[in-house]
Every structure is written in C-alpha cells, then in structure tokens.
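Report on the following structure.
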Amino acid sequence: MAVEKTLSIIKPDAVAKNAIGEINARFEKAGLQIVGMKMIKLDDEKAGGFYAEHKERPFYPALVEFMTSGPVVVQVLKGENAIAANRELMGATNPKEAAAGTIRADFAESIDANAVHGSDSPASAEREVAYFFSEEELCER
Ligand SMILES: Nc1ncnc2c1ncn2[C@@H]1O[C@H](COP(=O)(O)OP(=O)(O)OP(=O)(O)O)[C@@H](O)[C@H]1O
C-alpha cells in the first residue's frame with residue numbers, strides 16, 4: 001500500500017444539489033485528506049483540455065457543455081491507495097450500475113450528470129492534479 005494523491009471533481013449537478021459537504025464527509029470518513037480545494041467555473045478550453053482523451057467520442061460536446069454549466073469543486077485527496085479508494089467511494093460511471101451507498105448511487109442522475117470525477121490511474125492522477133494545482137498550492141500534512 002502506498003500513499004497517493006488523486007484528483008476529485010465535484011461536478012455541477014452535485015454542487016447545484018448542495019451536496020459538497022456530504023460528499024467531502026465521505027472522503028474524510030474513509031480516511032482521505034483534502035490537501036487542495038478550489039471552487040471554480042470551467043470554460044470550454046479548460047474543460048475540453050481536461051477531457052482531451054475523449055475528444056473523438058460522441059458524448060464529448062455534451063460532456064464539455066455539462067462541465068461548464070455551473071461551478072465545480074476541484075480537489076486533491078491524499079491517503080493510502082487514494083486513487084482506488086476514491087473510485088470505490090464514487091461507484092460506477094453510470095449511476096444505474098453504481099453499487100448502493102456509493103456517491104453516484106446516492107447523488108447522480110445519469111451517466112452525463114454523474115456527480116463526481118476521480119482519476120483512474122497514477123499517471124492520470126499526476127496529470128490531473130497538475131492540471132489544476134501547482135505544488136505550492138497543495139497543503140500536504
Ligand atoms: N457513454 C457515455 N455517454 C455519456 N457520457 C459519458 C459516457 N461515457 C462517459 N461519459 C462521461 O464522460 C466522463 C468521463 O468518462 P470516463 O470513461 O473517464 O468515466 P469515469 O472515469 O468513470 O468518469 P470520470 O472521468 O468523470 O471520473 C464520465 O464521467 C461521464 O460523465
């Protein structure tokens with residue numbers, strides 16, 4: 001087991017539902033520390049660049065439109081196996097397939113509006129954390 005950092009995004013649908021606190025309570029109860037946190041509005045360029053790997057997928061325009069539809073909370077979670085631990089707390093991408101008690105089962109409406117993002121590998125975590133945070137902005141402890 002290794003201490004890792006992972007990028008989490010609370011997406012516009014969950015922010016609109018006032019669910020930031022409840023979602024962050026789940027991270028903290030699971031032993032993940034929030035070591036970076038900002039609430040921002042993504043523009044087309046920033047959201048499009050973040051999801052560049054999906055650029056050719058049919059859902060890409062709707063994904064960018066959704067991610068720019070309202071504020072998001074971008075944050076860095078740190079802890080033992082943080083990448084997999086966060087993915088487990090999130091549940092499956094499609095909330096209809098998400099296990100009971102996961103964030104997506106409890107807060108997401110659809111595969112488009114699915115409440116949260118979490119990095120899926122050490123390489124993407126490194127890229128995604130650096131996409132939103134400088135080293136100096138992280139408050140590691
Ligand atoms: N088939 C699809 N139809 C519509 N939207 C989709 C589809 N597949 C993925 N998405 C959207 O694109 C996002 C990124 O897709 P990806 O395959 O990376 O899923 P994920 O890793 O579970 O989710 P995320 O990257 O947001 O954590 C998903 O969270 C979802 O909002």
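Both ligands and their constituent atoms are indexed starting at 1 by order of listing.
With hydrogens and angles ignored, the 3.5 Å screen pairs a side-chain donor or acceptor of K17 with a backbone N or O of F107.
In terms of polar-atom proximity, defined here as any N/O pair under 3.5 Å, E53 makes no such contact with ligand 1. The N/O atoms of D120, backbone and side chain alike, include none that comes under 3.5 Å of an N/O atom in ligand 1. At a 3.5 angstrom cut-off on N or O pairs, G118 counts as close to ligand 1.
Taking each of F50, F59, Y51 in turn, the one with a heavy atom nearest to atom 9 (C) of ligand 1 proves to be F59.
Residue contact annotation: R104 has a non-hydrogen atom under 4.0 Å from ligand 1. Ligand 1 has M90 within reach: a non-hydrogen atom of the residue lies less than 4.0 Å from it.
Shortest contact from atom 15 (O) of ligand 1 to any protein heavy atom: H54 NE2, 3.4 Å.
Other members of the hydrophobic cluster containing L63, listed by chain and number, are L7, I9, V35, I40, L42, F50, Y51, F59, Y60, V64, F66, M67, V72, V74, V76, V129, Y131, F132, F133, L138; membership follows side-chain contacts under 4.5 Å among ILVMFWY residues, whether direct or relayed.
For E28, there are no salt bridge (Lys or Arg N to Asp or Glu O under 4.0 Å) partners two or more places apart in sequence or in a different chain.
Only the side chain of N114 comes within 4.0 Å of ligand 1, judged by heavy-atom distances.
With ligand atoms numbered from 1 in the order given, ligand 1 contributes 19 (O), 20 (P), 22 (O), 28 (C), 29 (O) to contacts under 4.0 Å with heavy atoms of T93.
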